[in-house]
4 protein chains.
Amino acid sequence: MPKIGMEPIRRAALVEATIAEIGAAGSLDVTVSAISKRAGMSSALAHHYFGGKDQIFLAAMRHILKAFEAEVRSRLNAARCPRARLEAVISASFWDESFQPSVISAWLNFYVLSQTNSEALRLLRIYQKRLHSNLTHDLRSFCSARAPEIAYGIGALIDGVYIRAALGGPRETVEATQIVLRYLDAELERK
Amino acid sequence: MPKIGMEPIRRAALVEATIAEIGAAGSLDVTVSAISKRAGMSSALAHHYFGGKDQIFLAAMRHILKAFEAEVRSRLNAARCPRARLEAVISASFWDESFQPSVISAWLNFYVLSQTNSEALRLLRIYQKRLHSNLTHDLRSFCSARAPEIAYGIGALIDGVYIRAALGGPRETVEATQIVLRYLDAELERK
Amino acid sequence: MPKIGMEPIRRAALVEATIAEIGAAGSLDVTVSAISKRAGMSSALAHHYFGGKDQIFLAAMRHILKAFEAEVRSRLNAARCPRARLEAVISASFWDESFQPSVISAWLNFYVLSQTNSEALRLLRIYQKRLHSNLTHDLRSFCSARAPEIAYGIGALIDGVYIRAALGGPRETVEATQIVLRYLDAELERK
Amino acid sequence: MPKIGMEPIRRAALVEATIAEIGAAGSLDVTVSAISKRAGMSSALAHHYFGGKDQIFLAAMRHILKAFEAEVRSRLNAARCPRARLEAVISASFWDESFQPSVISAWLNFYVLSQTNSEALRLLRIYQKRLHSNLTHDLRSFCSARAPEIAYGIGALIDGVYIRAALGGPRETVEATQIVLRYLDAELERK
DNA sequence: AATGAATGAGGATTCATTCAT
DNA sequence: GATGAATGAATCCTCATTCAT
């Protein structure tokens with residue numbers, strides 16, 4: 001029974017199914033058929049809505065980044081001072097959702113895809129810039145001059161810690177956050 | 001003109017060709033045929049020597065890690081004091097070879113593969129442990145107690161900076177090294 | 001021009017083509033491509049409907065056994081007394097269809113496959129049991145006690161005569177039936 | 001260390017290995033490599049000695065038939081009267097060796113091969129004629145006129161019983177022999 | 001005599017994608 | 001809107017066979 005207004009629902013179902021499949025496979029080697037079946041529709045319909053496999057992947061990536069961004073916003077809104085805001089941004093990277101196997105898999109494949117897919121690279125840049133911008137903004141309260149370079153270091157450290165935690169089996173979210181915060185403090189204490 | 005003793009030559013050619021193909025494709029989506037053709041032999045022979053696609057990939061990974069390890073050893077041997085040794089270990093991660101597109105691609109795919117392939121994960125662990133061990137050893141000269149945690153942070157930062165540099169187009173090797181060294185100094189300065 | 005409801009048509013076409021190919025090759029060394037081409041479709045579609053080569057073979061076997069069973073039923077229905085029923089069951093094994101080269105080939109390969117394929121063995125057992133059951137039922141009218149053992153002998157003799165006839169070039173159907181009937185009579189006359 | 005006079009040894013090793021491989025596979029789908037490896041030599045040497053895969057198979061068949069024939073001869077020599085000789089011929093078909101999985105597999109595949117390979121068919125005919133000749137010879141002592149037809153029936157029954165026993169899991173050799181002997185007696189008792 | 005080397009040909013299977021309905 | 005039908009192209013892998021040594 002085809003209904004009108006199904007498109008957004010179908011698209012959302014496909015995005016979710018894609019993330020789940022990528023998580024289950026650990027790679028982008030997932031078939032459109034498998035995704036479609038998990039989403040409860042035919043693969044032909046998936047093509048109809050997204051145009052092709054790549055588009056589906058990118059939509060999934062956008063979804064993950066959007067969810068992450070929402071989490072960051074939420075934590076930022078709850079923070080009352082620069083220090084709290086810095087901690088909010090950092091800890092957001094290590095929230096539970098980020099360590100879902102499907103999200104880990106998506107992120108790692110995101111890096112791979114960024115080498116060859118310009119849209120993926122664009123999304124990655126947006127993520128990095130937003131993180132950098134958030135960090136720099138609040139770092140200025142402490143050390144205006146070195147804010148950008150510290151922000152870069154923190155951004156890189158977040159990625160590095162994330163990958164190690166993600167590939168290292170169950171880790172404490174808190175632990176990852178503490179490592180980055182210690183780096184932050186070390187930099188801020190200098191001079 | 002078949003000759004005896006070809007095996008090591010063929011294997012080496014295949015490993016090199018594999019790395020080149022992965023680099024050209026940006027992903028592990030490379031065919032055994034393409035690899036074999038680049039290596040100047042039939043795909044059947046590639047299977048004969050390696051047994052399967054996975055084996056070829058892992059051999060390529062081992063090759064990259066081995067070359068990296070050799071570089072680290074070489075730089076360590078030239079260093080005359082703990083500080084120089086720390087700098088040797090850190091800068092080795094950002095030597096020119098590491099930023100060859102094919103090596104970048106191999107590393108990124110290495111992470112992806114580690115999620116599902118236990119041998120890949122094992123190799124990754126070895127790399128991480130060796131790095132950690134090298135760093136810890138020389139850090140003890142400066143701050144015996146906090147050496148392990150600082151080593152962990154440096155290792156993670158190296159990975160993070162590497163990924164950002166690798167996906168960010170041409171970067172200064174020196175710059176990447178400086179970022180990590182600054183982190184090192186910040187930690188060491190903390191009383 | 002894809003239409004709905006094609007599945008049963010395609011499956012039937014594939015089964016028929018499989019039997020024909022096995023007959024032409026004389027062995028199970030037939031390719032899915034050849035079968036599919038003969039059935040007028042792509043090999044991909046054959047896999048889509050059957051899942052794999054083995055499934056196609058077994059479907060063909062089931063088809064042959066079903067046709068044979070139908071012939072037996074038909075002859076049994078036309079028989080009016082136990083003796084006529086025994087003759088019906090025996091002669092059915094040697095009806096014209098059974099000596100089609102493709103059917104002969106299928107049967108011989110059936111035996112081979114039964115060594116390693118449990119589903120094939122299952123089907124073979126069903127055939128043997130049905131034959132045994134049919135024979136025993138009507139033999140009881142003549143010699144209740146020895147019915148099972150005579151039935152076993154007749155079943156075995158049918159198989160043996162069939163193979164010899166099948167591999168011996170053109171034979172008289174009647175002749176094969178007569179040999180088995182003579183055995184039947186010899187047993188019934190005893191004592 | 002190539003030695004002279006190795007040829008017969010190599011050939012015998014290959015024949016034995018072939019039978020073993022066929023038994024292990026249950027079909028003729030065995031590779032020359034596997035056979036050669038089991039025989040302790042390279043596949044190239046196997047080709048050198050036999051010329052091709054088919055030749056190797058046929059050599060294996062000849063070996064089995066030769067062994068069987070020797071067993072028959074041996075039992076015939078020990079028999080002192082026509083009846084004993086008939087029993088010798090019949091029981092020989094069901095000696096232990098015949099129920100080795102590898103021999104069973106060879107026989108079943110022999111039938112399959114006989115459809116398309118004239119040499120295989122020729123060997124099969126020789127086996128059948130020899131059996132028929134042996135049986136007829138001694139049956140003449142009891143019923144000169146019907147000897148040929150009885151011999152044909154016994155030959156067919158032997159094959160049928162053998163297949164059923166072979167595919168039916170562990171059976172009593174004696175049982176199989178008894179079934180055929182009962183048929184013999186039933187025929188001889190007539191009139 | 002014996003083999004490692006090497007390959008061409010082929011085969012099962014998968015999959016993204018298209019299309020008529 | 002939605003899907004079953006259908007396929008071409010590709011991919012991994014196998015194997016009999018040949019050949020230089």
Side-chain angles (χ1 to χ4, degrees), chain A residues 1-7 9-10 29-37 40-56, chain B residues 1-7 9-10 29-37 40-56, chain C residues 1-7 9-10 29-37 40-56, chain D residues 1-7 9-10 29-37 40-56:
Chain A
M1 293 166 273
K3 296 168 191 167
I4 43 178
M6 290 296 285
E7 175 154 356
I9 298 174
R10 297 290 199 189
D29 272 330
V30 294
T31 70
V32 176
S33 289
I35 292 171
S36 308
K37 177 177 287 183
M41 72 195 80
S42 72
S43 66
L45 193 54
H47 273 89
H48 176 67
Y49 279 131
F50 282 96
K53 202 183 183 183
D54 288 357
Q55 313 296 319
I56 300 178
Chain B
M1 294 160 274
K3 296 165 188 169
I4 54 174
M6 292 298 285
E7 176 156 354
I9 298 173
R10 295 298 198 187
D29 271 328
V30 295
T31 70
V32 176
S33 288
I35 293 172
S36 308
K37 179 176 286 183
M41 72 195 78
S42 71
S43 66
L45 195 54
H47 275 95
H48 175 66
Y49 281 128
F50 280 96
K53 204 184 182 184
D54 288 358
Q55 311 294 318
I56 300 179
Chain C
M1 294 161 277
K3 295 167 191 168
I4 54 175
M6 292 299 285
E7 177 155 355
I9 299 173
R10 295 298 198 187
D29 271 328
V30 294
T31 69
V32 176
S33 288
I35 293 172
S36 308
K37 179 176 288 182
M41 71 195 81
S42 72
S43 67
L45 194 54
H47 275 93
H48 174 65
Y49 281 127
F50 280 97
K53 205 184 182 181
D54 288 358
Q55 311 296 318
I56 300 179
Chain D
M1 292 167 274
K3 295 167 190 168
I4 43 178
M6 289 296 283
E7 176 154 353
I9 298 174
R10 297 291 200 190
D29 272 329
V30 295
T31 70
V32 176
S33 290
I35 292 171
S36 307
K37 177 177 288 183
M41 71 195 78
S42 72
S43 66
L45 193 55
H47 273 89
H48 175 67
Y49 279 131
F50 282 96
K53 203 184 182 182
D54 287 356
Q55 313 296 319
I56 301 179

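It should be emphasised that the depicted structure is a prediction, and the values quoted were computed from it without experimental measurement. Chain A is the first sequence line, chain B the second, and so forth, proteins listed ahead of strands; every chain is numbered from 1.
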- Using whole Å, report how far CD1 of C/I35 lies from C1' of E/dT13. 14 Å
- Task: To the nearest Å, give me how far apart CE (B/M41) and C1' (E/dA5) are.
- Result: 11 Å
- Would you kindly compare A/S33 and D/G40 by the position of their nearest DNA chain E nucleotide and give the one closer to the 5′ end? D/G40
- Any chance you could encode DNA chain E as dot-bracket? Rule is Watson-Crick or G-U wobble with both distances under 3.5 Å; [ ] for pairs crossing earlier ones, | for another strand. .||||||||||||||||||||
- Note on the structure: In whole angstroms, the gap separating C1' of E/dG11 from CG of D/D29 amounts to 12 Å
- Note on the structure: Of E/dA16, E/dT7, F/dA16, the nucleotide closest to the side chain of B/S42 is E/dT7
- Item | Atom-to-atom span, CD1 of A/I56 to P of E/dC15 - whole angstrom | 14 Å
- Query: Between atom NZ in A/K53 and atom P in E/dT17, what is the gap in whole Å?
  - Reply: 8 Å
- For the side chain of D/Y49, counting heavy atoms from C-beta on, which of E/dA1, E/dT7, E/dA6 is nearest? E/dA1
- Query: Taking atom C1' of F/dA2 as reference, at what distance in whole Å does atom CD1 of A/I9 sit?
  - Reply: 15 Å
- Query: Rounded to the nearest Å, what distance is computed from the NZ atom of residue C/K37 to the P atom of nucleotide E/dG11?
  - Reply: 11 Å
- Can you tell which of E/dT17, F/dC13, F/dT7 lies closest to the side chain of A/S43? E/dT17
- Item | Interatomic distance, C/M6 CE vs E/dC19 P [rounded to whole Å] | 18 Å
- Item | Pair C/R10-C/F50, side-chain contact (heavy atoms from CB on, under 4.5 Å): steps then yes or no | CA-CA 10 Å; C/R10 295 298 198 187; C/F50 280 97; over 6 Å; no
- Might you point out which heavy atoms bring D/T31 and D/A34 nearest each other, and give the distance in Å? OG1-N, 2.9 Å
- Of B/G52 and C/E7, the one whose nearest nucleotide on DNA chain F sits closer to the 5' end is C/E7
- Message: For the NE2 atom of C/H48 and the OG atom of C/S42, what is their distance to the nearest 0.5 Å?
- Response: 10.0 Å
- Shortest non-hydrogen separation from D/A46 to D/S36 and the atoms involved: CB-OG, 3.4 Å
- Message: Check this one for me: any side-chain N or O of D/H48 less than 4.0 Å away from OP1 or OP2 of E/dA2?
- Response: no
- Task: Find which nucleotide of DNA chain E each of C/T31 and B/L45 is nearest to by heavy atoms, and output the residue with the more 5' nucleotide.
- Result: B/L45
- Return no unless some side-chain N or O of B/R10 is found under 4.0 Å from OP1 or OP2 of E/dG4. no
- Among F/dT3, F/dT18, F/dC15, which nucleotide sits nearest the side chain of B/A44? F/dC15
- N/O donor-acceptor pair under 3.5 Å between B/K53 side chain and B/H47 backbone: no
- Among the candidates F/dT14, F/dA16, E/dA12, find the nucleotide nearest to the side-chain atoms of B/H47. F/dT14
